[in-house]
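Inspection log for the structure reproduced underneath, given as structure tokens.
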Amino acid sequence: MSELEAEYRLEYFEEEGFHRKQCPVTDVYFWTRDPDRETCGEPPADDYSFIDNPGFDEEYTLEEMREEFLSFFEEHGHERIEPYPVAANRWRDDVLLTQASVYDFQPLVTSGQTPPPANPLCISQPCIRMQDIDNVGKTGRHTMAFEMMAHHAFNAREEAGDQYAYSGEVYWKDETVELCDQFFEHMGADLEEITYIEDPWVGGGNAGPAFEVLYRGAELATLVFMSMEQDDEGEYEMKDGNRYSPMDTYIVDTGYGLERWTWVSQGTPTVYEAVYPDMIEFLKENAGISLSEEEEELVHRAAKLSGYLDIDEIDDLTAARAEVASELDVDSDELTELLHPLETIYAIADHCRTLAYMFGDEIVPSNVGTGYLARMVLRRTKRLVDDVGVDAPLDELVDMQAKRLGYENRDTIRDIVRTEERKYRETLERGRRKVEALAAEYAEKEEAIPVEELIELYDSHGIQPEMVEEIAADAGADVDVPDNFYSLVAERHGGGDASTASTAREERLADLPETEKLYYDDQERTEFEAVVLDVIEREEGYDVVLDQTMFYPEGGGQPADHGTLSTDDTTVQVTDVQIRDGVVLHRTDGNPGKGEFVRGQLDVERRRRLMRHHTATHIIGYAARQVLGEHVRQAGAQKGTERSRLDVRHYSRITREEVKQIELVANDLVMQNRAVKQNWPDRHEAEAEHGFDLYQAGSRRDRTSGRSPSTTTCRPAAGRTSAGPATSARSRSSRPSRSKTALSGSSSPPATPPSRRPSAPRTRSTTPRTCSTSRPRTSRRPPSGSSPSGRSAARRSTG
RNA sequence: GGGCCCGUAGCUCAGCGGUAGAGCACCUCCUUUGCAAGGAGGACGCCCUGGGUUCAAAUCCCAGCGGGUCCA
């Protein structure tokens, strides 16, 4: 880490007369203007000194603080960017939720493959961090939902030329720290009190020097200078034990916690009171919590002390509570009794905001992915609400937050919450009946309910062992819950060890170059010529690898093309096509011969049918969105030549009437006979125009080319535009999603099968792409060509 | 994305190779002035769908659809 020391010696620090010191409490190195300062400013070295002593000139609400930050940076040369959804898995597949503003620009912008929407830019990005869920409400400062205000600058080294989507330096460390200082000054902070702690940052394969910016005991900003990538030969060893070397791109990644800044401006005992004053008030009243002046005072003092409980020592929370109690000279249990309802209320407010973000950004509760997380948060919230005796309906509470956050799909949000609440209630009832039956059975046998049953109840039916104990007690049955219950459950899941032993066939594939995919270039072509690079014998038939192919492999629920490969001597049937790491495998009934020159011929009729079904599924998806709401997304699809199926995510069962309505809208669209176009815009342009629906369909972009495996899209531009704002990124301003498409008076259109849709001329606005048969897999370079601005990054996932 | 559980009468569920059962609800009658009343009788099932195994499938196997749940 000390290797980075030079990285922190900024000219700006020099000019401003900063001193570098080491904290005697935490051992970290930090920079300060105050020559007499000894400690770094971070708890436990320093206390929260802003409580009852606000750190800025004025008090700010959440909304005011956000605006203050954004307009300040706008005035200092940054372009304001609309926030991205909290569901980060809508544009990247390595994470579920947005946890930082930089998530918006990973991995394509940070790697230089595609340009940022603006440079430099500022943003206030809603984020959700589930990892602190147990701390929420208790520590006075943890929230699950928060906004990360940030300014970012994307730089590329001059030597790198123009091989990245941006070039040159916008600004780097000195300017970043200066901007940070200026913003503090603008807010009326005392610059003497600010400390910049050296804290190298590592994450997601990247690293760089970073500062934590402390003011009055609160960490108010983190300034990260992302400039290195993991490299075993690298010259820097970072705290994760890996080695890193400098990258060609280097990025200013800052984070200013909106809630913390608001809190410090108000100096309230907890962050929640500063951020959700109205809701806290409402909840207190509703739950009938009213404190005497004396109690109020006590709570106030206790909150100040619990403000710096160590976040990492959750186990010690009760011990810490006891310590606080003794410091206040009150009974520990009494204090807990007093604080517990308040903590619950804080958590409810925070969780409701989390839910508002999730449902507002069109996450639909389910058993997978972000939907599962949303479900867990909702159930937890429901338990808290019942626990503390708030009798307002949950959908109303979530709506309070949704309203404040400015979402316009609030009716849908409420509908989702009510539906989920009902399902949860049903699950609990079902569980109760099941446990009662089981308890009666074992009570009769005079045996304890075995652990196996408990695991089954929890794993398959969601019934906590505590609940089993409770119900069983009433039925007179015994239960023994082992201490390691949850690890027993985990064990049950852990069984499958994926065989990592790569087969000889896979090794052979690894040596082959990626197949050039001609099907992206011209969908009308049905014949091509290629060289047989390898032929791998299978149990039945062969896998033929070519240098290039028109054969479209199975993927995204679409079956593979069929056809033939012919040499002068022989013709083999292609009956299946698969893709492995960019290598296309043609399953054939015969061996065309390695090194042979072959002509490929597609089964044209089959291809046409598949294309029509492909387009048709998009039409259905669009229609479903019109009828059911903007939150509707494709969950999966199975296309065929005779029939196709589209699965969509929705929060309740689709009724017969809704299906009918979807058919009407879809058929109407078909009858309009629109053109299907294909183009390859820059990523942010595509997002701006179409929103994050771009990435739905669950189809992964082709890993190596960065392009989508599909080539058509049936999002008729006019249809989208007329349907209101298209971008989900702006769903905060989108219309209520329940509206149905009004069909003009025409009597129900004839049920034209989508496959009869006349094949519209397909145009491409992109310039021809130069081909290279062996594009290096790890290259960050965009493919060379006349459109170097990251065309490859435009991931038009429509499969 | 993976694991597991479940689709049987209107509802809740049992049955788990040999022609479909219980409780509640429903209908009829009797009894009874009650808090989920008591008695007698009765009606109600493509046992989710499609394949397979079998002399025989609600039951076993495979696939699909639907619902639930846990985990990442």
Side-chain angles (χ1 to χ4, degrees), chain A residues 87-90 92-97 99 128-131 133 204 363-380 382-383 419-442 444 450-468 471 475 481 484-500 555-557 559 633-640 642-656 658-659 695-701 703 797 799:
Chain A
N89 64 341
R90 286 169 66 183
R92 51 193 292 188
D93 54 19
D94 55 337
V95 292
L96 293 176
L97 295 168
Q99 298 202 18
I128 294 174
R129 289 191 183 171
M130 303 277 296
Q131 51 267 44
I133 192 163
I363 290 174
V364 176
S366 77
N367 60 334
V368 292
T370 52
Y372 179 68
L373 299 181
R375 176 166 284 173
M376 289 304 103
V377 173
L378 186 139
R379 291 182 176 190
R380 185 190 178 90
K382 174 71 179 157
R383 287 194 294 270
T419 305
E420 267 306 290
E421 228 182 328
R422 197 196 71 228
K423 285 186 183 176
Y424 184 40
R425 198 170 53 239
E426 284 168 1
T427 291
L428 290 179
E429 280 165 14
R430 228 187 345 263
R432 172 167 286 275
R433 282 193 299 269
K434 221 169 188 82
V435 176
E436 277 167 354
L438 207 62
E441 183 190 331
Y442 282 95
E444 182 137 339
V451 177
E452 255 318 301
E453 297 277 13
L454 291 182
I455 293 176
E456 169 75 13
L457 284 171
Y458 176 73
D459 203 29
S460 297
H461 305 287
I463 304 160
Q464 257 91 358
E466 296 76 42
M467 183 175 161
V468 178
I471 298 168
V481 183
N484 62 341
F485 178 76
Y486 289 98
S487 51
L488 288 176
V489 175
E491 227 167 79
R492 183 165 159 166
H493 288 270
D497 54 307
S499 63
T500 45
R633 242 162 280 291
Q634 181 175 332
Q638 185 57 58
K639 288 146 216 164
E642 301 300 324
R643 50 183 290 179
S644 295
R645 193 190 74 238
L646 179 75
D647 305 332
V648 298
R649 277 190 220 295
H650 185 51
Y651 52 86
S652 68
R653 207 192 169 98
I654 298 172
T655 65
R656 205 48 240 171
E658 286 167 332
V659 170
Y695 309 117
Q696 75 171 295
S699 78
R700 259 139 235 267
R701 82 202 132 91
R703 218 162 254 158
S797 277

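For the pair A/Arg430 and A/Glu426, the salt-bridge criterion is not met [side-chain N within less than 4.0 Å of a carboxylate O].
B/C48 and B/A37 are spaced 33 Å apart, taking the P atom of each and rounding to whole Å. Taking atom C1' on both nucleotides, B/G2 is separated from B/U19 by 42 Å, rounded to a whole Å. Look at the P atom in both B/A72 and B/A63: the space between them is 27 Å, to the nearest Å. For the P atoms, the distance linking B/U33 with B/G45 amounts to 38 Å, nearest Å. Atom name P, nucleotides B/G17 and B/G7: the rounded distance is 15 Å, in whole Å. Between the P atoms of B/G67 and B/A58, the separation comes to 25 Å (whole Å). Nucleotides B/C70 and B/G18 are separated by 39 Å at their C1' atoms, to the nearest Å. On the P atoms, B/G10 is 15 Å away from B/C27, given to the nearest whole Å.
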Enumerate all atom pairs, one protein N or O and one N or O from nucleotides 4-6 of chain B, separated by less than 3.5 Å.
| residue | atom | partner | partner atom | Å |
| --- | --- | --- | --- | --- |
| B/C4 | O2' | A/Ser460 | OG | 2.8 |
| B/C4 | O2' | A/Arg492 | NH2 | 2.9 |
| B/C5 | O4' | A/Ser460 | OG | 3.3 |

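Between A/Glu426 atom CD and B/C13 atom P there is a gap of 11 Å when expressed in whole angstrom units. The distance between atom CD of A/Glu441 and atom C1' of B/G15, rounded to the nearest whole Å, is 14 Å. The distance from atom CG of A/Leu428 to atom C1' of B/G68 is 13 Å, rounded to the nearest whole Å. Between the NZ atom of A/Lys423 and the C1' atom of B/G67 there is a distance of 9 Å, given to the nearest Å. Between the CD atom of A/Gln99 and the P atom of B/A72 there is a distance of 14 Å, given to the nearest Å. Residue A/Glu420 contributes atom CD, which lies 13 Å from atom C1' of B/U69 at whole-angstrom precision. Straight-line distance from the CZ atom of A/Arg430 to the C1' atom of B/C11: 14 Å, rounded to whole Å. When the C1' atom of B/G66 is taken as reference, atom NE2 of A/His650 falls 16 Å away, rounded to whole Å.
Base pairing of B/C24 is made with B/G10, judged by Watson-Crick or G-U wobble geometry with both donor-acceptor distances under 3.5 Å. If you check B/C4 for Watson-Crick or wobble pairing at under 3.5 angstrom, you find it paired to B/G68. Applying the Watson-Crick and G-U wobble criteria (two distances, each under 3.5 Å), B/U59 pairs with nothing in any strand. Searching all strands for a Watson-Crick or G-U wobble partner of B/C29 with both distances below 3.5 Å returns B/G39.
To the nearest 0.5 Å, atoms NE2 (A/His461) and OG1 (A/Thr427) are separated by 11.0 Å.
Looking at which nucleotide of RNA chain B each of A/Ser652 and A/Tyr486 is closest to, the 5′-most match is held by A/Ser652.
For the pair A/Val377 and A/Arg380, the minimum side-chain heavy-atom distance is 4.5 Å or more. Side chains of A/Tyr651 and A/Lys423 form no contact here, defined as non-hydrogen atoms less than 4.5 Å apart. Using a 4.5 Å heavy-atom threshold, the side chains of A/Leu438 and A/Leu457 count as touching. The shortest side-chain heavy-atom distance between A/Ile363 and A/Leu373 does not fall under the 4.5 Å cut-off.
Residue-environment remark: CD (A/Glu444) stays at or below the threshold of 12 foreign heavy atoms within 6.0 Å. With a 6.0 Å radius and a threshold of 12 heavy atoms from other residues, nucleotides or ligands, A/Glu452 has its CD atom at or below the threshold.
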TODO: Apply salt bridge (charged side-chain N to carboxylate O under 4.0 Å, His left out) to A/Glu456 and A/Arg492, showing your working.
DONE: CA-CA 10 Å; A/Glu456 169 75 13; A/Arg492 183 165 159 166; 3.1 Å; yes

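A/Met376 comes within 4.0 angstrom of the backbone, heavy atoms only, and of no base. Residue contacts for A/Arg379: at a heavy-atom cut-off of 4.0 Å it reaches the sugar-phosphate backbone alone, with no base atom in range.
Phosphate contact (OP1/OP2 of B/C24, side-chain N/O of A/Arg433, threshold under 4.0 Å): absent.
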